[in-house]
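Notes follow the structure.
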Amino acid sequence: MSDLIDLPARPFPAVMDPTRTALVVIDMQRDFLEPGGFGELLGNDVGLLRTTIEPTRSVLDAARAAGLLVIHTREGHRPDLTDCPQSKLERGGKRFIGTDGPMGRILVRGESGHDIIDELAPLPGEPVIDKPGKGAFYATDLELILRDRSIRTLLVCGVTTEVCVHTTVREANDRGFECVVLEDCVGSYFPEFQRVGLAMFEAQGAIFAWVSSSTAVCRSLG
Ligand code: C5J
C-alpha cells in the first residue's frame with residue numbers, strides 16, 4: 001500500500017496515490033508558444049501562454065523526482081496531411097496547417113515548430129503522444145499506456161486551457177480517470193476563456209476535474 005496524498009484543490013482536496021498518478025503535459029510546442037507558429041498566425045499573443053512555462057517546469061522536476069509517470073503530447077499531422085480532416089485544414093476560411101513558417105511547416109510532425117519547447121523537453125523514456133485531434137485520447141494509444149500502469153489520477157498542465165486541455169480532461173473523465181488541472185500551468189490566449197475554463201472544471205462539485213496549482217503539487221510531492 002502506498003501513502004495517499006490529500007492534494008489541496010478546488011472545490012475540495014483531491015486524494016491521489018502517487019504510484020497511480022501521471023503528469024500529462026499537453027501540447028507545450030513551439031507552434032503554440034513561440035512567435036511564428038500556429039498560435040501567432042491565428043492572431044494570438046503567445047506571451048499569454050508563456051507564463052505557464054516556469055510553473056510547469058517546477059511540476060515536471062517534482063514529478064520526476066517523485067517517480068511519477070510523465071507523459072507529453074503534441075498536436076500535429078503527418079507530412080502528407082492524410083490525418084488532417086479538410087474541415088480542420090480550412091477552418092475559418094484560412095489555411096495554415098502544413099504551410100511553411102519560420103519554424104518549418106505548421107503543425108507537421110518532424111518540423112521544429114511541432115516539437116516541444118526546450119524548457120520542457122521530454123527526458124528519454126517519457127512517452128510522447130502524437131495526436132491529430134484536440135483530445136489526447138482520440139486516435140492515440142494514451143489510454144493503453146495509462147491502463148498498463150494502473151494510473152487513476154492525471155495531473156494536467158498545458159495549452160490551451162479551453163481547447164486541448166478541456167477536450168483531453170473531458171475524454172479522461174469519461175474514461176474513469178480523475179483529473180487535477182494545475183491553474184498556473186495551463187494557459188489560454190484569452191484571459192476570459194482561462195477564467196471561465198477553470199471555473200467549468202470545478203463547478204458542481206468537480207463535475208469533471210479538480211483545480212490545483214504548481215505550488216500545491218510541488219509541496220505535496222516533495
Ligand atoms: C489549439 C491546443 N488551441 N493545443 N490547440 O488549437 O489547444
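Any value given below was found using the heavy atoms of this structure, including those in side chains, with hydrogens, waters and symmetry copies removed. Counting starts at 1 for both ligands and their atoms, in listed order.
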Go through the steps for D61 and R57 under the test salt bridge (Lys or Arg N to Asp or Glu O under 4.0 Å), then give the verdict.
CA-CA 6 Å; D61 289 345; R57 175 77 222 178; 2.8 Å; yes

Spacing of CG belonging to D27 relative to SG belonging to C157, to within rounding of 0.5 Å
12.5 Å

Ligand 1 versus V159: contacting region, heavy-atom distance under 4.0 Å
backbone

Once you round to the nearest 0.5 Å, how far does CZ of R30 lie from CD of E111?
11.5 Å

Centroid-to-centroid, H166 to F208, below 6.0 Å?
yes

What protein heavy atom is closest to atom 3 (N) of ligand 1, reported as residue, atom name and distance in Å?
T160 OG1, 3.4 Å

Please identify which of these residues, D83, V108, D130, meets the side chain to side chain contact (heavy atoms under 4.5 Å, CB included) condition with R78.
D83

Of all heavy-atom pairs linking T168 and F137, the shortest is O-CE1, 3.8 Å

Nearest neighbour in protein (non-hydrogen) for atom 5 (N) of ligand 1:
E75 OE1, 2.9 Å

Return the closest protein heavy atom for atom 6 (O) of ligand 1 as residue, atom name and distance.
K134 NZ, 2.8 Å

If you count the atoms of ligand 1 from 1 in the order shown, which ones are under 4.0 Å from a heavy atom of V163?
1 (C), 3 (N), 7 (O)

Mark up the atoms of ligand 1 that fall under 4.0 Å of a heavy atom belonging to D27, in ascending order.
2 (C), 4 (N)

Among all protein non-hydrogen atoms, which one is nearest to atom 2 (C) of ligand 1, and what is the separation to 0.1 Å?
C164 SG, 2.7 Å

